[in-house]
Amino acid sequence: MATTARVSPPANAAGGDPISGSALALQPESLQAFNRLYATLWSRGELEHNYKEIARLRNARTTNCVFCKNVRFEQAKVAGLTEAKVDLIRDNYASSALSDKEKLVIAYTDVFLKNPAALTDELKSAMTEHFSEAQIVELTAGLAMFMGFSKIAVSLGGMPDSLPVFTMPTPV
């Protein structure tokens, strides 16, 4: 069984959330820059919150980040992402009750996470049919952040072993 390096946050870590209280607080300028970029992705984008949240949750499932799997951003819920839909962001999603656009986000997310070079012309075409170029760039940039920072959290440890599902304000 693989283990992660446990890095403890500084004693003065503040922020009241698991990220600000994590080992990432040892790099406060980087954490602050990430938080600004992440807030920009969520508050100033063109892609609807529910699609970003589907991609974020699919990534969380893949990287097994406890925090990422259990947090729900408020605006995604307002945009219609229910726990029933979250339950469908699993294997066999293609035959689920998710919408075609939601399934497309998951398919794109899976290719991005597993083998971006395997992006087929068919998937590219479907993406451009349903999403603008700006939305695709936003989704892809979001995926890079979701994957990168969830892997940091998992690798450094220090996050809780379990959390209940909870809603928090969308980053702004």
Side-chain angles (χ1 to χ4, degrees), residues 2-79 81 86 89 102 104-117 119 127 131-172:
T3 60
T4 58
R6 290 279 183 196
V7 179
S8 299
N12 62 350
D17 64 85
I19 300 298
S20 295
S22 74
L24 291 171
L26 292 166
Q27 291 290 321
E29 289 180 21
S30 295
L31 179 58
Q32 185 178 37
F34 165 74
N35 284 336
R36 278 194 310 271
L37 180 60
Y38 204 59
T40 298
L41 171 80
W42 286 97
S43 65
R44 293 178 185 84
E46 295 183 26
L47 186 64
E48 293 93 340
H49 289 270
N50 55 318
Y51 298 119
K52 287 185 265 195
E53 187 78 331
I54 286 169
R56 189 188 66 75
L57 290 168
R58 183 68 173 191
N59 170 74
R61 176 188 171 279
T62 303
T63 60
N64 200 27
C65 177
V66 172
F67 176 78
C68 303
K69 287 192 305 188
N70 290 296
V71 69
R72 305 290 184 267
F73 288 136
E74 190 171 37
Q75 287 301 316
K77 291 178 83 169
V78 169
L81 188 66
V86 169
I89 305 172
E102 291 165 334
L104 190 55
V105 167
I106 294 172
Y108 186 77
T109 298
D110 286 352
V111 169
F112 179 90
L113 294 173
K114 296 174 186 169
N115 184 6
L119 182 63
M127 289 294 292
F131 298 100
S132 71
E133 289 179 348
Q135 290 174 320
I136 294 169
V137 169
E138 184 178 336
L139 176 60
T140 307
L143 284 166
M145 284 191 281
F146 306 151
M147 181 186 66
F149 276 83
S150 65
K151 285 188 173 193
I152 289 170
V154 171
S155 295
L156 293 179
M159 289 286 185
D161 291 331
S162 66
L163 285 171
V165 171
F166 66 100
T167 302
M168 65 184 283
T170 304
V172 292

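From a predicted model like this one, the values you see are computed outputs, not experimental measurements. Residues take their numbers from the sequence shown, with the count starting at 1.
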Any side-chain heavy atom of Tyr108 sitting closer than 4.5 Å to one from Leu143? yes

I'd like to know whether Val78 forms a side chain to side chain contact (heavy atoms under 4.5 Å, CB included) with His49, so could you lay out the CA-CA distance, the side-chain angles of the two residues, the decisive distance to 0.1 Å, and finally the verdict. CA-CA 9 Å; Val78 169; His49 289 270; over 6 Å; no

Atom CD in Glu53, atom CG in Leu81: separation rounded to 0.5 Å? 6.0 Å

List the atom of Ala25, the atom of Pro28, and the distance in Å for their closest heavy-atom pair. O-CD, 3.4 Å

Could you give the distance from CD (Glu102) to CD1 (Ile54), rounded to the nearest 0.5 Å? 4.0 Å

For a quick test of reading the model, state the closest non-hydrogen atom pair linking Ile136 to Thr140 and the distance between them. O-OG1, 2.7 Å

Donor-acceptor contact present, side-chain Gln75 to main-chain Thr170, <3.5 Å: no

Counting neighbours of NZ on Lys69 that are heavy atoms of other residues, nucleotides or ligands and sit closer than 6.0 Å, is the number greater than 12? yes

With a 4.5 Å cut-off on side-chain heavy atoms, are Leu57 and Arg72 touching? yes

Work out which heavy atom in Phe166 is nearest to a heavy atom in Pro164; give both atom names and the distance. CD2-O, 3.2 Å

Can you list everything that forms a side-chain hydrogen bond (donor to acceptor under 3.5 Å, both in side chains) with Tyr51? Sequence neighbours excluded, please. none

Is a salt bridge present between Lys77 and Glu74, judged by a nitrogen-to-oxygen distance below 4.0 Å? no

Could you grab the distance from atom SG of Cys65 to atom CD1 of Ile152, nearest 0.5 Å is fine? 10.5 Å

Please evaluate residues Leu139 and Phe112 with respect to the criterion side chain to side chain contact (heavy atoms under 4.5 Å, CB included), reporting the C-alpha separation (whole Å), side-chain torsions for both, the decisive distance (0.1 Å), and the verdict. CA-CA 10 Å; Leu139 176 60; Phe112 179 90; over 6 Å; no

Which atom of Thr63 lies closest to which atom of Lys151, heavy atoms considered: CG2-CG, 3.9 Å

Spell out, as yes or no, whether a donor-acceptor pair under 3.5 Å connects the side chain of Gln135 to the backbone of Glu46. yes

Under 4.5 Å between any side-chain heavy atoms of Thr109 and Thr62, yes or no? no

Between Val71 and Arg56, is there a side-chain heavy-atom distance shorter than 4.5 Å? yes

Counting C-beta onward and ignoring hydrogens, is there a side-chain heavy-atom pair between Thr167 and Phe73 closer than 4.5 Å? no

Quick one: does any side-chain atom of Ser150 pair with a main-chain N or O of Met147 as donor and acceptor, under 3.5 Å? yes

What are the two closest non-hydrogen atoms of Asn50 and Ala79, and how far apart are they? OD1-CB, 3.8 Å

Asn59 and Leu113, any side-chain heavy atoms less than 4.5 Å apart: yes

May I ask you to decide if the ring planes of Tyr38 and Phe146 are parallel, tilted or perpendicular, using 30° and 60° as cut-offs? perpendicular

